[in-house]
Amino acid sequence: MAMTGIAAWVELQIHAEEFKGAHLKDLFEQDAKRFETFSFSYDKYLLDLSKQRINQQTLNNLIDLARQQELPSWIERLFNADKVNDSEQRAALHMALRQPKGASLQHEGKDVVSDVQASLAKMQILVEQIQNAQWRGYDGRPISSVVNIGVGGSSLGPLMVCDALEKYAPADTVTLDVHFVSSMDGSELEKLLPKLDPATTLFIVASKTFTTVDTLANANTAREWLLAASKQPVELINQHHFIAATASPSAAESWGVPISHQLLLWDWVGGRYSLWSVIGMPIALKVGMAQFRELLQGAHQMDKHFRQAPLASNLPVLLGLMGVWNINFLGIHAHAILPYDGRLAQFPAYLEQLEMESNGKSVNRDGQRIAYRTCPVLWGQVGSNAQHAFYQLLHQGTEPVMCDFITPAVRYDGEGDELQKQHQLSLANCLAQSRLLALGDSREPESDGASKFKHYDGNQPSTTLMLDALTPETLGGLIALYEHKVFVQSVIWQINPFDQWGVEQGKKVATSLLTQLGSGLGDGLDASTDGLLRHIQQQTRGAGQ
Ligand code: F6P
């Protein structure tokens with residue numbers, strides 16, 4: 001499947017045809033300096049592409065492709081607040097959220113950085129009130145538990161970062177339990193609420209639009225719980241137990257959150273790019289505002305690298321182009337994200353939204369159906385756990401899969417010998433798995449006997465991304481690296497990564513089905529949905545008898 005009219009695309013197809021028989025084992029044997037040639041470092045990040053099925057020609061051709069697709073000018077358009085989200089006529093200015101104080105970025109005649117700083121300052125006041133035990137619940141006791149109610153970008157990013165940076169919780173303030181609930185069916189709240197004291201629990205309703213039914217349903221259930229436990233008027237409960245993080249202040253106010261307890265973001269912050277904004281309040285509550293600012297700083301450094309570094313040594317560009325090579329030229333349509341660090345357990349789920357909601361598109365910026373592949377299926381898990389789960393498929397299945405191995409080089413410094421050994425064990429496994437996936441085993445497959453089941457073909461490509469250590473700063477950089485990688489791929493594929501029309505229609509269909517569930521009328525439905533509806537009604541009647 002080809003992109004027409006792009007010479008570098010055709011060059012890459014020819015090159016891939018010539019190169020497709022190459023095995024990573026041979027590539028390593030032929031070139032002792034392969035690591036030096038194909039690993040790239042910037043600041044505290046090392047990107048090793050030597051286990052990708054590439055040679056210098058591949059990289060040169062990919063850089064040509066990036067140039068022919070005008071990547072440098074697209075990067076400038078992104079940073080200059082152009083309306084790169086063309087289907088919604090919006091800029092995508094998540095980088096402004098991590099600009100330092102004093103910087104400036106004009107958007108529609110306004111300096112957005114000063115707005116951002118004002119919003120963060122308000123967030124800091126609320127965070128410090130809560131952390132210093134000055135925010136009181138309905139019976140006068142200070143808040144000890146915070147529950148973030150949100151879904152998608154209003155949950156996955158903050159959840160992932162809170163989990164990753166837990167050990168950075170400040171020692172000199174109240175230790176807050178920070179929880180996340182998303183699921184529409186109420187099961188997370190059902191489990192969590194009995195463990196919480198309503199008088200000391202604060203809910204953050206995180207919703208950019210403040211229309212997401214999942215979030216509003218959970219918020220309503222939380223408020224019902226508070227009202228039942230407290231026997232207080234709803235205004236008092238709203239005042240003491242809810243904060244809203246939103247771009248729709250009027251909707252949040254109509255629901256009941258007073259303006260003074262609202263934290264604002266803007267329509268130019270995409271949901272899946274919003275953890276840097278007030279949507280990141282749970283992060284600041286968990287690890288403190290100073291560490292939250294370090295996270296922003298790490299991302300800002302990566303922004304500068306992305307904007308300034310030459311294409312051939314630009315980490316997000318190289319990461320994005322590797323994906324394009326694997327997907328469009330080597331026919332690899334599955335991507336596993338494998339952190340070898342339990343603190344990054346939520347990172348694959350976070351990337352699932354970032355990558356698949358951004359680039360899961362089949363129509364280009366001009367609205368034309370495209371004839372080449374875009375975002376692959378992406379999933380993952382902590383690598384060492386996945387070794388005992390789905391690595392069998394990576395090693396011996398029929399599906400080619402590209403893998404990202406992510407690990408810090410150093411961990412547990414001064415925290416005891418046994419933990420140090422555990423980190424060494426994890427590193428050894430990380431390196432062993434990427435090595436075996438690349439090289440396979442040395443034996444030739446035998447045609448008979450048990451050994452034929454034990455053969456490893458190898459030649460599964462992978463990238464290893466090594467951080468010096470996992471800190472708020474490097475985590476910020478890591479996330480920004482993937483954000484920009486997604487943008488790079490969108491430019492190559494000529495798609496808009498900042499809209500998500502594909503999630504809208506399902507919401508409408510669900511709204512009309514909800515009415516039909518209530519009325520029992522399944523008119524106009526397909527036979528399957530009608531049959532399921534009738535079955536639910538029978539079961540519901542049965543349960544009520
Ligand atoms: O339905 C998808 C989506 O719109 C995501 O893009 C977004 O992150 C999520 O829902 C939550 O949206 P909101 O923050 O507006 O509740």
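Read the numbers this way: they start at 1 and go in the same order the structure lists the ligands and their atoms. Bear in mind that the values here come from a model prediction, so they are computed numbers and not experimental data.
In the vicinity of Lys208, heavy-atom distances shorter than 4.0 Å reach the ligand 1 atoms 13 (P), 14 (O), 15 (O). Residue-ligand proximity, Thr212 to ligand 1, at heavy-atom distances under 4.0 Å covers atoms 12 (O), 13 (P), 15 (O), 16 (O). Ligand-side atoms of ligand 1 in range of Ser154: 13 (P), 14 (O), range being under 4.0 angstrom from any heavy atom. Close contacts of ligand 1 with Ser207, meaning ligand atoms under 4.0 Å from a residue heavy atom, involve 13 (P), 14 (O), 15 (O), 16 (O).
Closest to atom 10 (O) of ligand 1, if we only count protein heavy atoms, is Lys507 NZ, 4.6 Å. For atom 9 (C) of ligand 1, the closest non-hydrogen atom of the protein is Val151 O, 3.7 Å. For atom 8 (O) of ligand 1, the nearest non-hydrogen atom of the protein is Gly153 N, 2.8 Å. What sits closest to atom 3 (C) of ligand 1 on the protein, heavy atoms only, is Glu357 OE2, 4.1 Å.
Here the CG atom belonging to Asn496 is positioned 10.5 Å from the CZ atom belonging to Arg90, to the nearest 0.5 angstrom.
Of the protein's heavy atoms, at least one falls inside 4.0 Å of atom 13 (P) of ligand 1.
Minimum heavy-atom separation, Arg307 to Asn80: NH2-OD1, 3.3 Å. Taking all atoms of both residues into account, the shortest heavy-atom contact from Trp266 to Lys208 is O-CE, 4.0 Å.
Between Arg272 and Glu355, none of the side-chain N atoms (NZ, or NE/NH1/NH2) sits under 4.0 Å from a carboxylate O, so this pair counts as no salt bridge.
Not a single heavy atom of Glu504 sits under 4.0 Å from any atom of ligand 1.
Here the side chains of Met123 and Met289 are in contact, with some heavy-atom distance below 4.5 Å.
The closest donor-acceptor contact from the side chain of Asn148 to the backbone of Pro282 lies at 3.5 Å or more, if one exists at all.
Looking at Thr209 against ligand 1, both its backbone and its side chain come within 4.0 Å, counting heavy atoms.
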Q: Apply the test side-chain contact (heavy atoms from CB on, under 4.5 Å) to residues Val488 and Phe306: give CA-CA distance (whole Å), side-chain angles for both, the deciding distance (0.1 Å), then the verdict.
A: CA-CA 10 Å; Val488 168; Phe306 180 51; 3.6 Å; yes
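Partner of Gln489 under the side chain to side chain contact (heavy atoms under 4.5 Å, CB included) criterion, chosen from Leu319, Val324, Asn328: Val324.
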